[in-house]
Amino acid sequence: FVPLSPTLNNPCLNASSKYASQPWCDATLPIDDRVKDAISRMTLEEKIGNLGTDAAAIPSLGLLKYNWWSESTHGVASGAHGA
């Protein structure tokens, strides 16, 4: 079975993963601290690979490749994919 649409994964939800105990996964911390921690863990290649809508995987954060289309970049859907 192949899903019709991509799904997001959240490595923070798996309590036994190495990511769950990292500050960027701690929802009790201020968002600015969480973002700084996540970005500090990313390689330059991971950062560059996530500048567009077809985001590359981010192994350092346990995140899979994902195609955001255009919604994530500005919040407006083009409707080309049925949204």
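The same ILVMFWY cluster, assembled from side-chain heavy atoms under 4.5 Å apart, contains both Tyr19 and Ile58.
Judged purely by atom type and a 3.5 angstrom limit, Arg41 has no side-chain atom pairing as donor or acceptor with the backbone of Leu61. The closest donor-acceptor contact from the side chain of Asn50 to the backbone of Glu46 lies under 3.5 Å. At least one donor-acceptor pair closer than 3.5 Å links the side chain of Asn9 to the backbone N or O of Leu64. A donor-acceptor distance shorter than 3.5 angstrom exists from the side chain of Ser17 to the backbone of Pro11, with no hydrogens or angles considered.
Contact of the Cys12 side chain with the Trp24 side chain is registered, since non-hydrogen atoms from C-beta on lie closer than 4.5 Å.
Here the OG-CD distance, from Ser60 to Glu45, works out to 10.5 Å after rounding to the nearest 0.5 Å. Leu29 contributes atom CG, which lies 8.5 Å from atom CG of Asp37 (distance to the nearest 0.5 angstrom). Atoms CG and SG, from Leu13 and Cys25 in turn, are 8.0 Å apart once rounded to the nearest 0.5 Å.
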Practice prompt. Please report the C-alpha distance between Lys65 and Asp54 in whole Å, then the side-chain angles of each, then the deciding distance to 0.1 Å, and finally whether the side-chain contact (heavy atoms from CB on, under 4.5 Å) criterion is met.
Written response: CA-CA 8 Å; Lys65 173 184 169 115; Asp54 192 17; 3.8 Å; yes

